[in-house]
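Working notes for the structure below.
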Amino acid sequence: MHTNLYEKPATELCKLLANKEASSVEITRSFLERIQAVEERVRAFVTVTPDLAIEMAQEADRRIAAGNNGPLTGLPIAVKDNMCVKGRRVTCGSRILANFAPPYDATVVRLMREAGMVILGMANMDEFAMGSSTETSYWGPTRNPWNPEMTPGGSSGGPAAAVAAMEAPVALGSDTGGSIRLPAGFCGVTGIKPTYGAVSRYGLVAYASSLDQIGPIGRDARDMALILNLICSHDPMDSTSAPMEHPDFISVLDKPVKGMTIGLPSEFFSKLEDPDVDKVMSETRVVFKSMGISFIELSLPHLDYGIAAYYIIAPSEASSNLARFDGVKYGHRSAQFESMIDMYCRTRAEGFGPEVKRRIMLGTYALSSGYYDAYYLKAAKIRTLITNDFKNAFRTCDAILCPIAPTPPFKIGEKIDDPIQMYLTDVFTIPVNMAGLPGMAIPGGFSRNGLPVGIQLIAPHFQEARLVQLASAFQRETDHHLKSPVL
Amino acid sequence: MKKTESKITPEQVDYVAHLGRLHLAPEEKRKYQAQLDDILKYMDMLAEAPTDDVLPMAGPVELYTPFREDEVKPSLPLEEALANAPARVGTSFLVPKVIE
C-alpha cells in the first residue's frame, strides 16, 4: 500500500533524506498538503508559512546535494507560537503581539536553522502559555484530533495536535506547569520537558522564568532523541543554561532497562478516581514489570501543596515578566488614552485576554506590600519541600511513574469558566516544574471513548536520557504510539 | 448558610489592577473579585505547610555567575529595534507627554 510521506515517522524521513530517496521539498510539500487537508478541523496553527517552508526545504536540498548536511537537515517541524523566529509573526497566542515580528532568532530556532530544519509554521497555544486547554488563545481553540469536541490540552495544544494529526513530524513546545506533557498525553503523542537549564530559553517569550522550559513533541522516543540531541546544549545567552555536556540520546534508545526500579508515589495514586486512567496505569505497570523492572511504593508528602504554591509563584513571575507589554517598544497600543499611565492600562486591557489578566491580578496581589510573606515567600519554601521530597525519592528508584492528568481529555468549554478546576488538571505535572526535573509523556492507552490516555515518567535532574531509554523500551512492547486519529 | 468573609475587597481589586496597569470594566472587577476570592481561599492550605527552618527556593538549579570576556559586539540595528514600535518619531519611540 502506498504510504504518504507525511505518515512516515521522523526517523524514517531523516533516512530518506540522507539517502537522497526523498527531497526535503517533497517531504515539506506532503506536510503542507496534509495541513491544507485537515487544518480546518484541527486548527493547530496560528500561522502556516508555505512559501518560507519551501524556501528552507530548497536550501536543505542544496546542502544535502553538497554533502553539507547533518542528521536533521530537511526535516520539517512546527514551532510553538512563543519562540522568536526572526522576521516572522510570533504572537504568543495574544492580541497584544498580534503583529509582532521578532528582530532575532531564539537559540532553539538558530539551532534548527543551522541544522537545516524546515519550519512549517507557528503552532497555537494558550495565551502566553497560561492555560491547560489551548482555549485561551486569541486565535481560538485548537481541537483534539481524536475528537473535535475535546480540548487537545494545553498550553502547547497546537504543537501536540499538529503531530497527532500528522501535520508535522515533530514540534517544539514549552512547559511551565505541564504544557508539553498534558497536550502530548491528551493527543496520544510523546513529549518531554527537559531539566530546567538543559535547553536555552533565550528567545522564548517569558511566562514564569524559573519554571519555563522548551522541549520536543513527536510520535515516539526516537523523535525525542533526535530533537534533544539538537536542542540540549549550553547557551551563554541564557544565564540559567547549564554549562555541561549532554549525552547522545540516540545511543540509549536500544539499551536494556532490566533491573531498573520505578517509584510509585502513593500521593499520586491515591488521587486516581477516573477508571480509564486507573486502568491505563495498571496496564502500564504490567508492561514495565514484564521488562524486568521492579516497583517501589514511595511518598512525596508535600505534593498536595504543589498547585497552591505553583499558582502563587507562576503568576507572580508572570506579573513581573508581562510588565514589558506597555505599548511602547512593540505590540498593540490603545488608540485612545489620556495620559502615559492610562495608555498602559488601556493597552493592556485591550491586548490581554481574561486568563492572562487573572494571573497578572493574582501575581500582583501576591507580591504586593503586606502579602509577600504569606504568599510568595511561603510558596518558595514549599518549593524547597517538594524538591527535597523528589531528591529523597530518587535515593530508592531510577524513575517515577504517575499519570499525566487525573482524567482523559475534557470537552472544550467544560472548565473555561472555573479557574480552579482548570488549574487542578495539572496536579501531576506541576511538581516536576517546581523541582526543575525532566518529565516525559508517553502514550499509555485509550479511554473507553477512544481518547488517548498518557503516562508520565520523571527522572532526577539531567537524566532525560534515562526517560528516553525507558520510553523506548516501553514502546518496543506497546503500540499505543503507532495509533493515529482518523481525520 | 454562613457567609464567609471575602479575602479581597473591591478596593483591593482596584488597587491591584492599578499596580498591574490594567483598566478593568465594572463587570470584570466583579468577576475577578469573585474568582480571586475563590483562588485565595484555596490558597489557605499554604498556611498549613510545615516551613519552619525551610529556606525559600528561587529556582530549580544552583545559580552561578557566568563570567565572560568584555567584548564589544554589534547591537541590534536601530531600524530593526524600532521596527515593531506602535509609534515612533525619527530614531525614537514616541510616547505621550510624561512631565507636565
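Labels below follow one simple rule: chain letters A, B, ... track the order of the sequence lines, proteins then strands, and each chain is numbered from 1.
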Heavy-atom closest pair, residues [X] and [Y]:
X       : Y       : result
P96(B)  : M340(A) : CD-SD, 3.6 Å
A349(A) : L22(B)  : N-CD2, 4.4 Å
M45(B)  : D304(A) : SD-O, 3.4 Å
S368(A) : L19(B)  : CB-CD1, 4.1 Å
G436(A) : P60(B)  : CA-CB, 3.5 Å

Can you say whether [X] sits under 4.5 Å from chain B via the side chain, the backbone, both, or neither, judging by heavy atoms?
X       : result
L424(A) : side chain
D238(A) : neither
M343(A) : side chain
I312(A) : both
S209(A) : neither
A101(A) : both
Y311(A) : both
D418(A) : neither
F325(A) : neither
L362(A) : both

[X], [atom1] atom: more than 12 neighbouring heavy atoms under 6.0 Å:
X       : atom1 : value
Q336(A) : CD    : no
Y42(B)  : OH    : yes
M244(A) : CE    : yes

Leading residue by heavy atom contact count with chain B [cutoff under 4.5 Å; candidates [options]]:
options                            : value
G197(A), G327(A), S319(A)          : G327(A)
T240(A), N388(A), N433(A), I307(A) : I307(A)
H302(A), R358(A), M434(A), R346(A) : R358(A)
Y305(A), Y423(A), F337(A)          : Y305(A)
A379(A), P243(A), S239(A)          : P243(A)
P236(A), S241(A), A308(A)          : A308(A)

Please classify the contact of [X] with chain A as side chain, backbone, both or neither, using a heavy-atom distance under 4.5 Å.
X      : result
E48(B) : both
L76(B) : side chain
I39(B) : both
A58(B) : backbone
P77(B) : neither

Distance-only, no hydrogens or angles: does the [X] side chain make a donor-acceptor pair with backbone N or O of [Y] under 3.5 Å?
X       : Y       : answer
K378(A) : A49(B)  : yes
T364(A) : V16(B)  : no
Y32(B)  : P354(A) : yes
R21(B)  : Y344(A) : no

*With chain A as the partner chain, list the residues of residues 78-94 of chain B whose heavy atoms fall under 4.5 Å from it, by residue number, and write 'none' if nothing qualifies.*
E80(B), N84(B), A85(B), P86(B), A87(B), F93(B), L94(B)

Straight-line distance of [X] [atom1] to [Y] [atom2], nearest 0.5 Å:
X       : Y       : atom1 : atom2 : answer
E28(B)  : K357(A) : CD    : NZ    : 4.0 Å
Q12(B)  : Y365(A) : CD    : OH    : 5.0 Å
D342(A) : H23(B)  : CG    : NE2   : 7.5 Å
D52(B)  : K381(A) : CG    : NZ    : 7.5 Å
M57(B)  : T387(A) : CE    : OG1   : 3.0 Å
L385(A) : T51(B)  : CG    : OG1   : 7.0 Å

*Identify, with sequence neighbours excluded, every residue that meets side-chain hydrogen bond (donor to acceptor under 3.5 Å, both in side chains) alongside Q33(B).*
none

*Quick one: which of T65(B), L40(B), I8(B), D44(B) has the most heavy-atom pairs under 4.5 Å with chain A, could you say?*
L40(B)

